[in-house]
Amino acid sequence: MIHEFSLRQLSPNDGIEIYKMLQRIGPSENAFNNEVNGMTYDNFQQWLIERDNWSKGEGLPKGYVKQWIFWLIVDKQPVGFGKLREKVTIESRKFGGNIGYAIDPLYRGNGYGKVLFGLLLEQASNMKINEVYSTIEKPNYISKIIHDSYGGKTVMEDDKRWYYLFRI
């Protein structure tokens, strides 16, 4: 079966299908933060506006950098989401880097994580983000395989995580 994949940037007009997907993804799976999990739909609408502003560099909390959120759409259904930060901060160098992603549990095991990660790297290149830094929790070996498949270089490793760098 051939699937239609697209990466769509967060919009303040995103609706219930995105909200439902975000409710199924845990609040912190493999150290990827999904603050929408457990949020009311009204609060989700405000969250969309706030995150859209962050993507424009507006209203950023102290110490934050511009961040974009993207939805992975497969055959017109949202199946995952990813984040790109404009640059790596001291804090994000330890936890997360400037790229992260999660797949809806309903759609895991179909290779969509690899598709999403590749589309995020392509988007980073389009946005002139020349270095992408990522951290992976040790129990998340699948993500390590995905990173390796895209030519990421392990720049550090400790007992809790791997640290990757992609030069784009």
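It should be emphasised that the depicted structure is a prediction, and the values quoted were computed from it without experimental measurement. We use all heavy atoms of the structure for the numbers below, so side chains are in, but hydrogens, waters and symmetry mates are not. Each residue takes its place number in the sequence, starting with 1.
- Contact record, H3 with D75: ND1-OD2, 2.6 Å, taken as the closest heavy-atom pair.
- I73 and L119 end up in different hydrophobic clusters when Ile, Leu, Val, Met, Phe, Trp and Tyr side chains are linked at under 4.5 Å.
- A salt bridge between R108 and E29 is present, with a side-chain N of the basic residue lying under 4.0 Å from a carboxylate O of the acidic one.
- Under the 4.5 Å side-chain heavy-atom criterion for Ile, Leu, Val, Met, Phe, Trp and Tyr, I145 and V115 are members of the same hydrophobic cluster.
- Under a hydrophobic-cluster definition in which Ile, Leu, Val, Met, Phe, Trp and Tyr are linked whenever side-chain heavy atoms come within less than 4.5 Å, directly or via other members, V36 and W54 are assigned to different clusters.
- A distance of 9.0 Å separates CD1 in I90 from CZ in R93, rounded to the nearest 0.5 Å.
- More than 12 heavy atoms of other shown residues, nucleotides or ligands fall within 6.0 angstrom of atom NZ in K138.
- Checked by atom type and distance alone, the side chain of N30 never pairs as donor or acceptor with a backbone atom of F32 at under 3.5 Å.
- Inter-residue side-chain proximity for I103 and L72 is flagged as met; some heavy-atom pair is nearer than 4.5 Å.
- Scanning all heavy atoms of the two residues, the minimum distance from S134 to H147 falls at OG-NE2, 2.8 Å.
- Taking the six-membered ring where tryptophan is involved, the planes of F5 and Y112 are perpendicular, since the angle between them exceeds 60° and thus also 30°.
- Between atom CE of residue M39 and atom CD of residue Q46 there is a gap of 10.0 Å, rounded to the nearest 0.5 Å.
- By the 4.5 Å heavy-atom criterion applied to side chains, V88 and R85 are not counted as neighbours.
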Checklist entry - Where do K66 and M127 land on the side chain to side chain contact (heavy atoms under 4.5 Å, CB included) test, with the steps shown first? => result CA-CA 12 Å; K66 282 171 72 172; M127 298 170 96; over 6 Å; no
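- Side-chain contact between L120 and L7 is present, with at least one heavy-atom pair separated by less than 4.5 Å.
- Under the 4.5 Å side-chain heavy-atom criterion for ILVMFWY residues, no single connected hydrophobic cluster contains both L116 and W71.
- F166 pairs with exactly one of Y133, F117, Y150 by the ring-ring contact (aromatic ring centres under 6.0 Å, His included) rule, that one being F117.
- I25 places a side-chain heavy atom less than 4.5 Å from the side chain of F81.
- Under the side chain to side chain donor-acceptor pair (under 3.5 Å) rule, D104 has a single partner from Q23, Q77, R24, K20, which is R24.
- Taken to the nearest 0.5 Å, the NZ atom of K114 stands 11.5 Å off from the CD1 atom of I142.
- Counting non-hydrogen atoms of other residues, nucleotides and ligands closer than 6.0 Å to CD of E58 gives a total above 12.
- No side-chain heavy atom of L60 sits less than 4.5 Å from a side-chain heavy atom of V65.
- Taking 4.5 Å as the limit, every side-chain heavy atom of V74 sits out of range of all side-chain heavy atoms of Y107.
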Item to check | Evaluation steps, side chain to side chain contact (heavy atoms under 4.5 Å, CB included), between I18 and L10 | outcome: CA-CA 10 Å; I18 297 290; L10 172 147; over 6 Å; no
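- Taking CZ of R51 as the start and CG of D14 as the end, the distance is 13.5 Å to the nearest 0.5 Å.
- Side chain of W162 to backbone of I136: no donor-acceptor contact under 3.5 angstrom is found.
- When the shell of 6.0 Å around CZ of F44 is examined, it contains more than 12 heavy atoms from other residues, nucleotides or ligands.
- Here I146 contributes atom CD1 and Y141 contributes atom OH; the two are 12.0 Å apart, rounded to the nearest 0.5 Å.
- Residues Y164 and T154 form a side-chain contact, since some pair of their non-hydrogen atoms from C-beta on lies under 4.5 Å apart.
- The two residues I49 and P12 come nearest to each other via the heavy atoms CG1-CB, 4.1 Å.
- Counting only distance, with no hydrogens or angles, the side chain of K83 and the backbone of N33 share a donor-acceptor pair below 3.5 Å.
- Rounded to the nearest 0.5 Å, atoms OG (S55) and CD1 (I69) are 8.5 Å apart.
- Nearest heavy-atom pair, T135 versus G96, reported as atom, atom and distance to 0.1 Å: OG1-N, 2.6 Å.
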Checklist entry - side chain to side chain contact (heavy atoms under 4.5 Å, CB included) between E86 and W68: does it pass, once the steps are laid out? => result CA-CA 8 Å; E86 179 178 47; W68 301 270; 3.9 Å; yes
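- The two residues V132 and I168 come nearest to each other via the heavy atoms CG2-CD1, 3.3 Å.
- You'll find the side chain of N34 stays beyond 4.5 Å of the side chain of P27, heavy atoms only.
- The minimum heavy-atom distance linking Q9 with F70 is given by the pair CA-CD2, 3.6 Å.
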